[in-house]
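Treat the numbers as computed from the prediction; the structure is a model and nothing was measured. Only this structure's heavy atoms are used, side chains among them; waters, hydrogens and symmetry mates stay out.
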Amino acid sequence: MKIMVYEVRADERAELERQSRALGVELTLSEEVPTVENAALAAGCEGVSILGQGRIDAPLLDAYKALGVEYLSTRTIGYDHIDLDHARATGIRVCNASYAPNGVADFTVMMILMCLRHYKQALWRGQVNDFSLAGLQGREMKDLTIGIIGTGRIGAQVIRNLSGFGCRILAYDLRQNPAVEPLVTYVDFETLLAQSDVISLHMPLLESNRHIIDRAAIARMKDGVVIVNCSRGELADIEALIEGIETEKIGALGMDTAEGDEGIIHADHRVDILSNRNWFYLHQFRNVIMTQHMAFYTDAAVSSMVRCGIEGLCQMARGEICPTELMGR
């Protein structure tokens, strides 16, 4: 089987080589983001594997189909960058990746603590030998209510991590997770917004929850609320977040992903002029921590993502059950 692998990072190459040998597949590797213009790289390949920087839309899927591509994998958990409906229509089968939830869950708790303890300000001051304490008084989690929106694998692991801090944990999900019911109190969305000191998002991005955190939702939150997003950027309206920070309705933001970060994250832009005003304006506030979509980024997760990306294509091609196939979702 021949597979075209786009968006290859240096840290993926060793695992890609291992998978090629183990599965007996021929991989062509490219650092390019997939586009219609470079679709021809997949000529002669049954499978294509991508990350999440490109939009896999109808014209690109049509181009792949015309080249003979039958299977597509994304080496990410998120899949909102793929037009799944059109993939179904063209007959291209699609799978995503899976990895243990611990890395993102640990990162989420770190973000919460950094926001509560004003670590961005403390770090900046220390770099210029300012070791004063004014403005850095934090809060302790044992005194707070933490709201978790989404209690799937990652949200559930965040809850387990937080359970050791002695905080009250509220949760909202359309489907309750029995595994965490002893650790949380499930409430409706409105109650979680109204009672939580910290709110953390853990959902896939769907049309039904795009901008679930908007001006109206923020208005119903506590004054000084901390919002953490280590999930999908477009779950929160970036203009509403900016307004919340400017008015001090929001006390702090911990954002591993934010709306509009496509084309910014996972690249060095030190000498570039970038036009995304909202993203960079939000980035500069003293109480806003924005990282480069790296919550997932551990050695174990990278290996798992690569393995799923290549193994899933092989499973679909062989007619086997692929646990991460998306076509039924």
Side-chain angles (χ1 to χ4, degrees), residues 9 11 102-144 146-147 154 157-158 161-162 164-167 196-202 213 218 221-233 235-236 238 241-261 263-274 276-299 301-302:
R9 299 191 311 259
D11 57 83
N102 305 76
V104 176
D106 293 353
F107 198 95
T108 298
V109 175
M110 179 189 74
M111 277 287 213
I112 293 172
L113 290 168
M114 290 173 72
C115 288
L116 291 174
R117 301 307 297 268
H118 308 292
Y119 188 69
K120 182 177 180 179
Q121 291 182 67
L123 178 64
W124 281 1
R125 291 186 193 183
Q127 290 175 337
V128 293
N129 292 338
D130 177 357
F131 303 111
S132 60
L133 292 176
L136 298 182
Q137 187 176 78
R139 291 181 287 170
E140 297 182 17
M141 274 214 274
K142 68 176 178 59
D143 301 322
L144 304 179
I146 314 293
I154 293 174
Q157 187 60 46
V158 172
N161 288 356
L162 289 173
F165 285 87
C167 51
S196 298
D197 300 291
V198 178
I199 295 174
S200 188
L201 307 177
H202 300 284
I213 303 301
I218 292 170
M221 296 177 188
K222 285 186 174 184
D223 292 343
V225 65
V226 173
I227 302 174
V228 172
N229 187 1
C230 292
S231 186
R232 308 302 290 174
L235 293 172
I238 194 167
L241 295 179
I242 289 170
E243 184 178 295
I245 287 290
E246 288 178 331
T247 60
E248 300 186 10
K249 175 69 175 183
I250 297 174
L253 291 173
M255 312 293 288
D256 186 50
T257 178
E259 185 175 29
D261 61 10
I264 297 174
I265 58 170
H266 301 172
D268 183 350
H269 297 293
R270 283 177 291 181
V271 298
D272 298 335
I273 296 175
L274 299 171
N276 192 324
R277 298 180 183 180
N278 280 344
W279 198 93
F280 287 97
Y281 182 59
L282 186 61
H283 180 266
Q284 55 85 37
F285 285 103
R286 60 174 172 76
N287 53 345
V288 175
I289 300 169
M290 294 174 72
T291 51
Q292 52 266 60
H293 207 153
M294 59 179 286
F296 76 95
Y297 194 50
T298 67
D299 51 357
V302 169

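Within the model, atoms CD1 of Ile227 and CD1 of Ile213 stand 6.0 Å from one another, a figure rounded to the nearest 0.5 Å. Going from atom CE of Met114 over to atom CG of Leu116 covers 11.5 Å, rounded to the nearest 0.5 Å. The line from CG of Asp261 to CH2 of Trp279 is 7.0 Å long, rounded to the nearest 0.5 Å. Taking CG from Leu162 and OG from Ser200, the interatomic distance works out to 8.0 Å, rounded to the nearest 0.5 Å. Separating the SG atom in Cys167 from the CZ atom in Arg139 is a distance of 12.5 Å, to the nearest 0.5 Å. Interatomic distance, Leu241 CG to Ile250 CD1, rounded to the nearest 0.5 Å: 5.0 Å.
Considering only heavy atoms from C-beta on, Arg232 stays 4.5 Å or farther from Leu201 through its side chain. Looking at heavy atoms from C-beta onward, Phe280 lies in side-chain contact with Ile264 at the 4.5 angstrom threshold. Counting only heavy atoms from C-beta outward, the side chains of His202 and Thr108 approach each other to under 4.5 Å. Counting only heavy atoms from C-beta outward, the side chains of Phe165 and Ile112 never approach each other to under 4.5 Å.
Scored by the side chain to side chain contact (heavy atoms under 4.5 Å, CB included) test, Asp11 finds Arg9, Tyr297, Val302 as partners (sequence neighbours excluded). Scored by the side chain to side chain contact (heavy atoms under 4.5 Å, CB included) test, Asp272 finds His269, Leu274 as partners (sequence neighbours excluded). Applying the side chain to side chain contact (heavy atoms under 4.5 Å, CB included) test to Arg117 and every residue at least two apart in sequence or in another chain returns nothing.
Pairs engaging residues 287-296 under the side chain to side chain donor-acceptor pair (under 3.5 Å) rule: Asp256-Thr291 [sequence neighbours left out]. Residue pairs satisfying the salt bridge (charged side-chain N to carboxylate O under 4.0 Å, His left out) criterion with at least one member in residues 242-252, sequence neighbours excluded, are listed as follows: Arg215-Glu243, Asp223-Lys249.
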Assess whether side chain to side chain contact (heavy atoms under 4.5 Å, CB included) is satisfied between Leu282 and Leu253, documenting all intermediate values.
CA-CA 9 Å; Leu282 186 61; Leu253 291 173; 3.8 Å; yes
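Contact detail for Cys115 and Ala252: the closest heavy-atom pair is CB-CB, 3.9 Å. The minimum heavy-atom distance linking His118 with Gln137 is given by the pair NE2-O, 2.9 Å. Considering every non-hydrogen atom in both Ala301 and Phe296, the closest pair reads CB-O, 3.0 Å. Smallest separation of non-hydrogen atoms from Ala258 and Met290: CB-CE, 3.8 Å.
With hydrogens and angles ignored, the 3.5 Å screen pairs no side-chain donor or acceptor of Gln157 with any backbone N or O of Ile154. The backbone N or O of Val109 lies less than 3.5 Å from no partner atom in the side chain of Asp106, so there is not a single donor-acceptor pair.
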Which atom pairs, donor and acceptor, lie under 3.5 Å between side-chain atoms of residues 119-127 and protein residues at least two apart or in another chain?
| unit_1 | atom_1 | unit_2 | atom_2 | d |
| --- | --- | --- | --- | --- |
| Lys120 | NZ | His283 | O | 2.9 |
| Lys120 | NZ | Phe285 | O | 2.7 |
| Lys120 | NZ | Val288 | O | 2.6 |
| Arg125 | NH1 | Ser132 | O | 3.3 |
| Arg125 | NH1 | Ser132 | OG | 3.2 |
| Arg125 | NH1 | Ala134 | O | 2.8 |
| Arg125 | NH2 | Ala134 | O | 2.6 |

